[in-house]
Amino acid sequence: MDKLKIILKREGDVGLLEINNPPENYLEKPDFIEIDRLKNYLDTGIKALVISGTGRNFSAGANLESVKDQIKEVNSFQDQIENGNRILNYLDQLNIPVIASISGVCFGAGLEIALACDIRICEKNALFAFPEVNHNLFPGLGGVRRLTELTGKPTALQLVLNGDLINADKAFELNIIDQIAEKKQALENAITLAKKITNNRPLKVINAVMKSIHNSKILDIDEMIKEDAKLFSDLAVDTLRSDEN
Amino acid sequence: MEVLAKNKISWDISDKIGYLSFIDSPENRMDSAFFDELHDLTSKVIPGSKPSAIIISGSGRHFSAGADLDDLMRMIKDEQKEEGSDTLLSNYQAFKFFQELNTPVIAAINGVCIGSALELAMHCHFRLCSEGAILGLPESTFGLIPGVGGIPRLMELAGKAKTIELVLRGNTVNTNDALKWNIVDAIYPKRALISKAEQLAKLASINYRKYMKTDYLKILKTI
């Protein structure tokens, strides 16, 4: 996918990643951005990242026509899926808050990107679905696992196996969405929240908090507490040093 | 009735309910002397006295304003250990003691409950608060993080989005937001807080963990 279809901008220390392939914002490939491009961009002091789609929709996911062409090249398609997973795992584990700002449709791979974010804000007319099953496919970028974590197994199975279309209220009720915004307000709300939680916070504090939050999902509690104590001590030592200077 | 009161915490058993009260009001600071007393209570006194339920509260207007930062920083400076702070780990052990007890532990929260005080409260099985209570984890505003189990507990209670917001903003929340975010279980008028905690203690101490937490809270609403 070329650079123009993923725009990287910033507003202060808040990074803005925009899926720019309107009107549906189809993702032409599973590996929708060069990971090095993303890393280099975030390395410029970005304290929070907001992901959104250009225009009315977040993303309708993969374009099935182009997927069919890509599947003909089985090996390279598998590589692309692996790369796509790598990108979403990278977003998922980033030590800054990542916020999805969702308007309109958020389907398939688009929903998988949103699920890899830490916080999801959608507009009240947003729609969500994993339609892959209708084409004898399934969400291949970790979407099933991430959805299960949020909704539990029964709901995740139903959404993935039925390909059900759900609205913003339902998505909020099922714990898929954290906040519902008025029409055309999601992006503004997301940027406002990003600023609120990162303004006046040094990057190292943001990194420590996010690291701890990620650890709480992967470590057992005693390991987790040891890591938190270490993160705390590192910050405390820094603070003591700067007090002395 | 047996009452054990030192400088920071009192422990009292009445009608089989154990009352753990912070008595260094108004702030009920959790400094190193506080934790010395807490360790003593959790390692010897409380296990020996076999209460049927425990109510934790702060005397005076506030639950507790949390750790004494200067005190904590001094201890960390003394330790300066690369592998993390022993002080935090042993403080965590005291909080975890309450979480792992097989008798119900109820935090009755009045006034201010911030920082490590909220971390302790989140390790209790129930959190009842009185109207006007103020909760929060302000550590990030001092360039620190909640280091005594606050982040994993909040993740369980409120989910990732609210944890990020509350911890990184470091602002305080009122009782309505705390209830909405599942950080507290119920709000009562100030005068009713302790009696509600006592009702819950009696209710939950019978066949504890036989019912869901929400069942006890539903019954509590009707009495």
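Letters A, B, ... are given to chains in the order of the sequence lines, protein chains preceding strands, and every chain is numbered from 1.
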A:Asp118 versus chain B, the contacting section by heavy-atom distance below 4.5 Å:
both
Side chain, backbone, both or neither: which part of A:Leu193 has a heavy atom under 4.5 Å from chain B?
side chain
Any idea which heavy atoms bring [X] and [Y] closest together, and the distance?
X: A:Asp228; Y: B:Pro146; answer: OD2-O, 4.3 Å
X: B:Lys160; Y: A:Cys117; answer: NZ-O, 4.5 Å
X: B:Ile145; Y: A:Ala208; answer: CG2-CB, 3.9 Å
X: B:Met73; Y: A:Leu240; answer: O-CD1, 3.8 Å
X: B:Ala161; Y: A:Asp178; answer: CB-CG, 3.3 Å

B:Phe142 versus A:Val205: any side-chain heavy-atom pair under 4.5 Å?
no
Could you tell me the separation between the CD1 atom of B:Ile151 and the CE atom of A:Met210, rounded to the nearest 0.5 Å?
9.5 Å
Rounded to the nearest 0.5 Å, what separates atom OH in B:Tyr92 from atom NZ in A:Lys226?
11.5 Å
Tell me, yes or no, whether the heavy-atom count around [X] atom [atom1], taken from other residues, nucleotides or ligands under 6.0 Å, exceeds 12.
X: B:Glu156; atom1: CD; result: yes
X: B:Lys218; atom1: NZ; result: no
X: A:Lys217; atom1: NZ; result: yes
X: A:Glu149; atom1: CD; result: yes

Test A:Val209 against every option in B:Thr163, B:Leu168, B:Leu144 by the side-chain contact (heavy atoms from CB on, under 4.5 Å) rule and name the one that passes.
B:Leu168
Determine the sole option in A:Thr198, A:Asn200, A:Ile197 for which the side-chain contact (heavy atoms from CB on, under 4.5 Å) test with B:Arg169 is passed.
A:Ile197
Per-residue contact mode, B:Met155 against chain A (heavy atom under 4.5 angstrom):
side chain
Between B:Lys162 and chain A, with a heavy-atom cut-off of 4.5 Å, which part of the residue counts as in contact: side chain, backbone, both or neither?
neither
Between B:Lys96 and A:Asp222, does any side-chain N to carboxylate O distance fall below 4.0 Å?
yes
Check the pair B:Phe95, A:Ile225 against side-chain contact (heavy atoms from CB on, under 4.5 Å), reporting the backbone distance first and the verdict last.
CA-CA 12 Å; B:Phe95 290 2; A:Ile225 294 299; over 6 Å; no
